[in-house]
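Heads up, the thing below is written out as structure tokens.
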Amino acid sequence: MSEMNEFDENGPEVIKRFMYVNRKAPYGTIYALECLEVVLVAAAFDQDVSVVFLDDGVCQLKKNQDTTGIGMKNFSKTYGALDDYDVEKIYVEKESLAARGLTEDDLVIPVEVLAADDLREVMAQQDVIISS
Amino acid sequence: MAYECNGVTIETDEEGYITDISLWSRELAIRIAEEENIEMDDDHWEVVNFLRNYYEEYQIAPAVRVLTKAIKKTLGVEKGNSKYLYELFPYGPAKQACKIAGLPKPTGCI
Amino acid sequence: MLHLINKSPFERNALDSCLRMARPGSAILLIEDGVYAALAKAAHAEKIISRMDDFSFYVLGHDVAARGLNDAPLIEGIDVVDYEGFVDLVAEHDVTQSWL
Amino acid sequence: MKFAILINEGPFTHQASDSAYRFTVAALARGYEIYRVFFYNDGVYNSNRFSEPQTDDRNLVSLWAKLGKEHDIDLVVCVAAGLRRGIKDEVLEDGFRISGLGQLVEAGIQADRLVVFGD
């Protein structure tokens, strides 16, 4: 198994701003889980990483998920580890939350809630945008 | 591959991680450790228990650097460093400690 | 920035979200089922027509033709490109965002 | 200029892989370098050498393999997504290789442009 540091020869001279955009709800499709897996790996490359949740993507962070009845892994707990992985820029679009009747208090982790007008500017500053 | 433990056969994947993590037990951990030439002492258990608690909370086996940092936070700097962890688990805290703890392969391996 | 939309506006909200989140001055390219948003007579046409001043819109001609839409009028002002034009758009813009 | 491509859907069900393929061919025609094509999510199925579409249909698996060979393109299949879906070395078409997700991030770092094709 290769663990971190293997790619150190590539960096840190190139630091790019990577944004991972989540627009899909969890469980109905695998995209939310596999995007999270990318983010956990991406965290090991000394890049500027941010994660965005908008549209149905905000539902990934809903508290109180209980997957025992559907037999799938409850990976909403894993968002709590993002801080340990040094992923600190986590943005949620305000309008998407409101449209789904949710507030910041409904989310599993502390996030930065941004209005579309502000999130737009953060998105515009990225070098690489990976959507799933 | 499989482990025999208390008369029960416990299946693993190709790399020796048990495939049904609900079948883990302390006895099994000792069996896996034997296979890895590790004799479990309190220090090994401390790390294995830490990993299991981490998994319980976050549903992932942490990458090595994350594990090291998290151990440093809870158990102190003399244990939260890779030298200490590699002394306990010579083939790596991920490869061996997670395996012994009955967890999947760490998330965040490149 | 270049935004890629590959969803029909009748099926998903990708176009709506893109129009909400994209910074004016961006380019928006409709591909695959996204090309249905380019039809002048379709119910969603106004969404694009009303934003013509904010964005430059493009549509992938091969996807239009494949869907039998060469005989349907497209919204005036949308540029039709081929795959090489698609490549040029990606090259011209620093970042490409796909609205999957 | 170097391009990297991310493909998140398998062949046949979704047009993503077709679009990515045509885009890649056009980028090469324009003289750009393709730094890497990374196959993720169901995109890993693009490497399954046991795919046998009808003979009058395009075979994306062999199209990718052929294009990769002709232009020396790094075709990388994600190991984690692949294992989940039974895509291992035993079923891998020649010209593809299996590697970690880090290869996607590294492509994002090294390439000037990353284009994502998916659903």
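Here is the naming used below: chain letters follow the sequence lines, and residue numbers restart at 1 for every chain.
- Without hydrogens or angle criteria, D:Arg113 side chain to C:His93 main chain gives a donor-acceptor distance under 3.5 Å.
- More than 12 heavy atoms of other residues, nucleotides or ligands sit less than 6.0 Å from atom CD of D:Glu70.
- For C:Arg67, the side chain to side chain donor-acceptor pair (under 3.5 Å) partners two or more places apart in sequence, or in a different chain, are C:Asp33, C:Asp63, D:Gln15.
- Across every non-hydrogen atom of C:Tyr83 and D:Phe23, the tightest pair is CD2-N, 4.0 Å.
- In this structure, chain D has no heavy atom under 4.5 Å from any part of C:Asp82.
- Contacts between residues 1-26 of chain C and chain D, counted as heavy-atom pairs separated by less than 4.5 Å, involve C:Leu4, C:Asn6, C:Lys7, C:Arg12.
- Among residues 5-13 of chain D, the residues having any heavy atom closer than 4.5 Å to a heavy atom of chain C are, in sequence order, D:Asn8.
- Against chain C, the residues from residues 28-57 of chain D that qualify, each with a non-hydrogen atom under 4.5 angstrom away, are D:Ala29, D:Arg30, D:Tyr32 in number order.
- The most heavy-atom pairs under 4.5 Å with chain D, out of C:Ile31, C:Leu60, C:Asp88, come from C:Asp88.
- Counting all heavy atoms, side chain and backbone alike, C:Glu32 lies closest to D:Ala16 at OE2-CA, 3.6 Å.
- Here the closest heavy-atom approach between residue C:Ala91 and residue D:Met1 is recorded as O-CE, 3.7 Å.
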